[in-house]
2 protein chains.
Amino acid sequence: MRDGGGSDDGTLGVRFGPLTDSLGFLLRLGQLSAFEAYYDEIGALGVRPGEMSVLFLVAENPGVRQGVLASSLRIKRAHMTKMIRAMEDAGLVHRTVPEDDRRSVELWLTAAGRARVAELTGPVLAHESRAQGRLDQREAAQLKRLLRAYLNIPEDPSGPGHDPLEESGS
Amino acid sequence: MRDGGGSDDGTLGVRFGPLTDSLGFLLRLGQLSAFEAYYDEIGALGVRPGEMSVLFLVAENPGVRQGVLASSLRIKRAHMTKMIRAMEDAGLVHRTVPEDDRRSVELWLTAAGRARVAELTGPVLAHESRAQGRLDQREAAQLKRLLRAYLNIPEDPSGPGHDPLEESGS
DNA sequence: CGAATATTGTCTACTTGGAAACAGAATTGA
DNA sequence: TCAATTCTGTTTCCAAGTAGACAATATTCG
């Protein structure tokens with residue numbers, strides 16, 4: 001233990017007062033902390049969190065409409081337009097206008113996009129399996145469960161218990 | 001009904017795949033969700049989350065140095081400079097250069113700043129006491145506890161208030 | 001002491017994300 | 001049918017936040 005009150009976290013003995021019990025405040029700090037860890041560990045892969053989530057969601061939901069993707073990720077549609085265009089220019093996603101509603105746009109991964117997802121999956125899952133800071137496995141699982149409940153996101157049917165990495169090579 | 005299995009949350013039947021178990025992803029969505037609720041409920045008070053946290057932290061730590069405030073809130077110092085200047089121009093904060101280190105700046109609330117904090121405290125605490133979405137009191141308290149552990153933020157010694165559910169041991 | 005180094009806040013330029021207006025397509029209602 | 005309205009993505013402009021260089025002050029060490 002070092003000097004009194006100060007944690008090793010940048011909170012240099014500051015008292016947080018009522019913010020200590022503010023869910024929004026804690027979520028904001030938690031997100032910043034998690035993204036910092038993300039950049040430290042897999043930032044070198046050159047894919048930022050937003051792009052990562054778009055890639056994984058399109059991979060999981062081929063043909064998803066752009067606006068549905070935006071509202072699912074809580075990204076504004078104006079911003080989603082820019083992100084998708086950049087990813088299209090990078091050759092990762094393909095855009096399609098369906099015949100039954102020519103206002104909308106459906107999104108698909110290109111072969112390059114699928115390859116990118118394939119090469120990202122391992123490092124990302126590895127990162128997630130240890131991106132838990134001071135929490136042990138049980139606490140981290142509980143935290144994620146509570147966040148999913150808060151967000152009304154269903155539990156992953158495949159479950160975190162079985163590590164998809166084990167699929168390769170038995 | 002257009003979508004099948006859509007929740008009332010904007011997640012229109014989209015499968016989140018591996019992101020379902022990503023702490024960073026869940027924290028990001030949680031933060032956006034919490035800030036949305038914040039704006040819906042007390043955005044009309046004209047104080048945004050960042051300013052709010054600065055006001056409360058300076059109120060709780062009179063004379064705190066600007067850089068300490070920045071690193072505690074995970075706000076970059078360049079940005080903190082702008083925020084503090086705006087709050088100084090608004091007459092809420094007073095800046096002082098201490099004799100023992102003339103590089104640094106100490107922050108204090110003005111009388112107007114203290115008045116602002118006083119008038120914000122009630123609405124903010126009221127908001128926090130019900131800003132829990134679908135979580136019940138016990139789940140929300142547990143979520144906050146886990147987030148504080150993740151962030152290495154000490155529990156509030158004064159406690160979350162006169163909560164009848166507290167210390168219900170298991 | 002005095003030169004090299006580190007720290008603190010600030011400045012400029014840039015990136016990220018959002019608000020509001022818009023255009024084209026679909027839907028509604030007379 | 002066809003005018004009014006709504007929906008979807010886009011454009012433009014602006015605010016929020018970051019990166020990196022900088023000036024002033026402190027600290028370290030010869």
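To find a chain, count down the sequence lines: A is the first, B the second, and so on, and within it residues start at 1.
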Nearest whole Å is fine: how far is [N] [atom2] from [X] [atom1]?
X	N	atom1	atom2	answer
B:Ile84	C:dC11	CD1	P	14 Å
B:Arg103	C:dT5	CZ	P	17 Å
B:Lys76	C:dT15	NZ	C1'	14 Å
B:Arg77	C:dT8	CZ	P	7 Å
A:Glu88	D:dT10	CD	P	9 Å
B:Glu106	C:dG9	CD	P	10 Å
A:Ile75	C:dG17	CD1	P	7 Å
A:Glu36	D:dT18	CD	C1'	13 Å

Inset, instruction - Among C:dA25, D:dG9, D:dT10, find the nucleotide with the atom closest to the side chain of A:Arg85. - result: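 Out of C:dA25, D:dG9, D:dT10, the nucleotide with an atom closest to A:Arg85's side chain is D:dT10.
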Legend entry - Side chain of A:Arg65 - closest among D:dT8, C:dT10, C:dT8: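 Nearest to the side-chain atoms of A:Arg65, counting from C-beta on, is D:dT8.
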Legend entry - Presence of donor-acceptor pair under 3.5 Å, side chain of A:Lys82 and base of D:dG9: no
Inset, instruction - On the 0 to 90° scale, with breaks at 30° and 60°, tag the B:Phe35-B:Tyr38 ring pair as parallel, tilted or perpendicular. - result: tilted
Inset, instruction - Considering just the side-chain nitrogens and oxygens of B:Arg95, establish if one lies under 4.0 Å of OP1 or OP2 belonging to C:dT8. - result: no
Legend entry - Short side-chain donor-acceptor distance under 3.5 Å, B:Arg28 and B:Gln31: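 Note: B:Gln31 and B:Arg28 side chains miss the donor-acceptor criterion.
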Inset, instruction - Please figure out whether A:Gln66 or A:Arg28 has its closest DNA chain D nucleotide nearer the 5' end. - result: A:Gln66
Inset, instruction - Select from B:Leu32 and B:Ala78 the residue whose nearest nucleotide in DNA chain C is closer to the 5' end of that strand. - result: B:Ala78
Legend entry - Ion pair A:Glu106/A:Arg65, N-O distance below 4.0 Å: no
Legend entry - Salt bridge flag under 4.0 Å for residues B:Glu139 and B:Arg134: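 Salt bridge: no.
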Inset, instruction - Could you tell me whether B:Thr81 contacts a base, only the sugar-phosphate backbone, or nothing, with contacts defined as non-hydrogen atoms closer than 4.0 Å? - result: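 B:Thr81: base contact, heavy atoms under 4.0 Å.
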Inset, instruction - Step through it carefully: locate the ring centre of A:Phe25, locate the ring centre of B:Phe56, and say whether they are under 6.0 Å apart. - result: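 Aromatic pair excluded; centres sit 6.0 Å or further apart.
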